[in-house]
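One structure below.
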Amino acid sequence: MYMTTAELREAFLSFFKQQEHQIVASSSLVPHDDPTLLFTNAGMNQFKDCFLGTEKRSYTRAVSSQRCVRAGGKHNDLENVGYTARHHTFFEMLGNFSFGDYFKHDAIRYAWQFLTEVVKLPKERLLVTVYESDDEAFDIWAKEIGVPVDRIIRIGDKSADKPYESDNFWQMGDTGPCGPCTEIFYDHGEHIWGGPPGSPEEDGDRFIEIWNLVFMQFNRQSDGTMEPLPKPSVDTGMGLERIAAILQGVHSNYEIDIFQFLIKATATILKVSDLTDKSLRVIADHIRSCSFLIADGVMPSNEGRGYVLRRIIRRAVRHGNKLGADKPFFHLLAKGLVTEMGAAYPELAQQLPVIEKVLLVEEEQFLRTLDRGLALLDEALRGLDGDTVPGETVFKLYDTYGFPADLTADIARERELNIDQDGFDKAMEQQRQRAKQANQFGVDYNQNIAIDGKSEFKGYDATEYPASVVAVFTK
Ligand code: ATP
Ligand code: MG
Ligand code: MG
Ligand code: MG
């Protein structure tokens with residue numbers, strides 16, 4: 001059954017509304033008052049306190065389509081973009097939630113009903129996993145739903161000394177609500193490489209995970225202990241783009257309507273004829289995360305969230321350069337994104353002028369050093385002995401040409417090389433020490449220090465932006 005991505009989003013929300021769920025708008029990508037989290041990475045984030053029992057709402061069932069970014073922190077898919085069919089830095093997570101209301105039976109029943117009756121997926125293409133010791137979930141699938149037992153796979157902990165380190169035990173971060181889960185996979189067919197979950201080929205893209213149903217039962221403490229939650233609850237997450245791919249009869253998320261539009265727009269601007277080029281996929285992915293992050297108030301900077309944003313922009317600009325771009329192009333794509341997603345996200349449309357300006361400033365700034373940095377890297381690679389780019393080269397690219405280390409690693413990976421991350425970290429540390437000493441004499445050399453991405457959002461780095469951009473945020 002063909003559905004556009006927009007129709008699918010609506011179908012999901014309205015199905016759960018019929019099951020008495022409150023439709024809740026997506027929250028910002030910048031988590032509200034939660035320093036444990038870099039970016040919103042799942043639909044449940046905005047309901048964290050409801051699961052913990054410290055916040056009461058007027059409803060006990062909710063449904064949402066949540067914008068998420070996984071480009072840092074516990075869930076980080078930046079390095080998967082361009083390499084798998086199913087990962088984005090920005091994606092939408094469809095989810096239904098129960099706060100001490102229904103539990104395993106209804107969660108499984110609703111999911112199956114939506115998939116096989118509403119959007120009519122063929123049952124024989126679906127298989128499910130459960131947490132190793134969760135006999136209850138196994139029995140619901142086998143006896144109540146009627147999934148053949150050879151298509152129900154138990155997944156255990158990664159090793160005996162790591163309880164709860166399983167793909168079927170979901171945790172939002174190192175602390176917070178968590179619990180065993182059951183996941184639904186779709187088999188895209190034998191012609192695609194990959195094996196079922198739990199098999200040695202599971203990282204392939206033949207069997208794609210579409211929906212995770214988490215049975216929230218614990219609150220993980222910072223010392224690792226698990227405290228039971230006041231009431232067992234349900235949190236589910238389904239990747240909108242992954243299910244859209246199935247309904248649109250394509251394998252990769254990058255072939256769905258939204259992505260094809262963005263890829264064609266990029267190809268037109270850059271005059272590229274091969275629409276399957278990996279760099280086009282990366283750019284199409286990155287324009288979504290960058291635009292939505294800026295719309296949610298993140299500004300490129302040298303630390304914390306802003307540095308993650310800057311890194312993603314620079315990666316996109318570098319991929320544009322690879323495709324032959326000789327002037328700023330990335331900012332032009334924001335308009336296309338608004339055409340595709342502005343109706344569902346009016347805040348994106350509203351912020352378009354800001355997004356365009358911020359991206360343009362960033363592009364112009366990086367373009368000033370990109371070519372020279374690439375030339376330096378090429379030269380270093382020509383003389384390379386072995387398959388590792390030395391830490392000093394990575395540091396020089398960072399310090400002099402504004403290449404974040406992950407960007408250099410991205411280029412190295414294309415040539416089947418690694419970077420010496422330890423060497424880079426050491427060079428960074430030495431620079432920090434030098435800066436500290438210099439500071440004692442009142443000189444600030446400490447301008448270009450990368451941060452691990454964990455620091456808290458401190459506001460906008462206004463100095464680099466035109467007054468008109470800054471004004472929008474300071475109103
Ligand atoms: P995977 O194993 O494929 O990386 P995951 O187990 O990390 O996915 P969950 O944390 O269980 O994903 O998130 C719930 C759902 O969100 C997934 O089942 C998937 O449909 C979707 N999803 C997760 N990460 C991404 C991503 N980076 N891009 C697009 N969709 C995603
Ligand atoms: Mg993942
Ligand atoms: Mg998974
Ligand atoms: Mg999962």
Side-chain angles (χ1 to χ4, degrees), residues 5 8-9 12 26 29 37-45 64-97 107 111 114-115 119 121 126-131 153 155-156 158 165-173 176-188 194-199 201-216 234-247 251-256 258-259 281-282 284-286 288-289 292 312:
T5 304
L8 187 53
R9 193 190 291 114
F12 185 85
S26 168
L29 288 170
L37 200 58
L38 184 65
F39 297 121
T40 297
N41 64 17
M44 58 74 63
N45 295 166
S64 68
S65 178
Q66 174 68 50
R67 53 186 182 271
C68 296
V69 165
R70 292 192 174 183
K74 186 165 181 68
H75 296 273
N76 183 359
D77 287 322
L78 184 55
E79 308 307 330
N80 287 326
V81 173
Y83 290 90
T84 72
R86 67 186 198 277
H87 289 107
H88 306 298
T89 53
F90 171 95
F91 65 100
E92 286 178 85
M93 196 184 282
L94 303 169
N96 56 292
F97 307 91
F114 181 78
L115 292 178
V119 299
L121 297 192
L126 299 172
L127 72 170
V128 300
T129 62
V130 296
Y131 189 52
I153 302 162
I155 305 277
K158 295 217 167 92
E165 284 293 327
S166 162
D167 278 349
N168 281 63
F169 194 93
W170 198 85
Q171 357 204 348
M172 169 186 137
C178 56
C181 60
T182 179
E183 296 192 317
I184 305 171
F185 286 71
Y186 183 82
D187 181 1
H188 278 267
S199 75
E201 296 86 28
E202 71 175 338
D203 284 339
D205 276 328
R206 173 175 166 187
F207 294 87
I208 290 193
E209 175 189 327
I210 50 175
W211 203 343
N212 186 354
L213 317 179
V214 185
F215 308 123
M216 288 291 187
V234 170
D235 148 37
T236 86
M238 170 156 66
L240 174 64
E241 299 80 359
R242 293 189 188 183
I243 172 103
I246 300 171
L247 295 182
H251 170 236
S252 161
N253 286 11
Y254 291 91
E255 294 171 83
I256 68 170
I258 292 182
F259 274 98
R281 295 207 299 271
V282 175
D285 172 85
H286 289 4
R288 298 209 314 160
S289 48
F292 273 97
I312 303 175

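Atoms within a ligand are numbered from 1 in the order they appear, just like the ligands themselves.
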* Nearest protein heavy-atom contact for atom 11 (O) of ligand 1: which residue, which atom, what distance? -> N212 ND2, 2.8 Å
* Structure fact -> So the protein N/O/S atoms within less than 2.8 Å of the Mg ion (ligand 3) come down to E209 OE1
* Protein contact to atom 2 (O) of ligand 1 [nearest heavy atom, distance to 0.1 Å] -> E209 OE1, 3.1 Å
* Measure across M172 and N41 and return the closest heavy-atom pair with its distance rounded to 0.1 Å. => O-ND2, 3.5 Å
* For atom 20 (O) of ligand 1, what is the nearest protein heavy atom, given as residue, atom name and distance? -> G239 N, 2.9 Å
* To do: Would you tell me whether T236 and N96 have side-chain atoms, one donor and one acceptor, within less than 3.5 Å of each other?
  => yes
* Please state which protein non-hydrogen atom is closest to atom 19 (C) of ligand 1 and give its distance, to 0.1 Å? -> R242 NH1, 3.4 Å
* Just by distance, do the side chain of D205 and the backbone of A85 share a donor-acceptor pair under 3.5 Å? -> yes
* Side-chain heavy atoms of D77 within contact of H88, under 4.5 Å -> no
* In terms of residue, atom name and distance, what is the protein heavy atom nearest to atom 22 (N) of ligand 1? -> F91 CE1, 3.5 Å
* Can you list the atoms of ligand 1 that are under 4.0 Å from a heavy atom of M93? -> 13 (O), 14 (C), 16 (O)
* **Side chains of F12 and S65 in contact at under 4.5 Å (non-hydrogen atoms)** => no
* Less than 4.5 Å apart, any side-chain heavy atom of T5 and any of E241? -> no
* To do: Give a yes or no on whether the backbone of R86 and the side-chain of R242 come within a donor-acceptor separation of less than 3.5 Å.
  => yes
* **Beyond-backbone contact of F39 with N45, side-chain heavy atoms, under 4.5 angstrom** => no
* Please could you name the atoms of ligand 1 that W170 approaches to less than 4.0 Å, counting only its heavy atoms? => 9 (P), 10 (O), 11 (O)
* Has ligand 1 got any nitrogen or oxygen that is less than 3.5 angstrom from a nitrogen or oxygen of N253? -> no
* Step by step, would you call T89 with D285 a side-chain hydrogen bond (donor to acceptor under 3.5 Å, both in side chains)? -> CA-CA 7 Å; T89 53; D285 172 85; 2.6 Å; yes
* Look at atom 15 (C) of ligand 1 and say which protein heavy atom is nearest, naming residue and atom and giving the distance to 0.1 Å. => G237 O, 3.5 Å
* For residues P197 and D167, determine if any side-chain heavy atom of one lies less than 4.5 Å from a side-chain heavy atom of the other. => no
* **Numbered atoms and elements of ligand 1 in range of R86, under 4.0 angstrom, heavy atoms** => 3 (O), 28 (N), 29 (C), 30 (N)
* Option nearest atom 13 (O) of ligand 1 (shortest heavy-atom distance, choices E202, E183, H88, R70) -> R70
* Do the side chains of H251 and I208 get nearer than 4.5 Å, heavy atoms only? -> yes
* Minimum non-hydrogen distance to atom 27 (N) of ligand 1, winning option of D77, T84, T89 -> D77
* Spacing of R67 atom CZ and R288 atom CZ [to the nearest 0.5 Å] -> 12.5 Å
* Which distance, rounded to the nearest 0.5 Å, do you find between the NE2 of H188 and the OG of S252? -> 9.0 Å
* Protein heavy-atom partner closest to atom 4 (O) of ligand 1 - residue, atom, separation in Å -> H87 NE2, 2.7 Å
* I210 heavy atoms, cut-off 4.0 Å: which ligand 1 atoms fall inside? -> 18 (O), 20 (O)
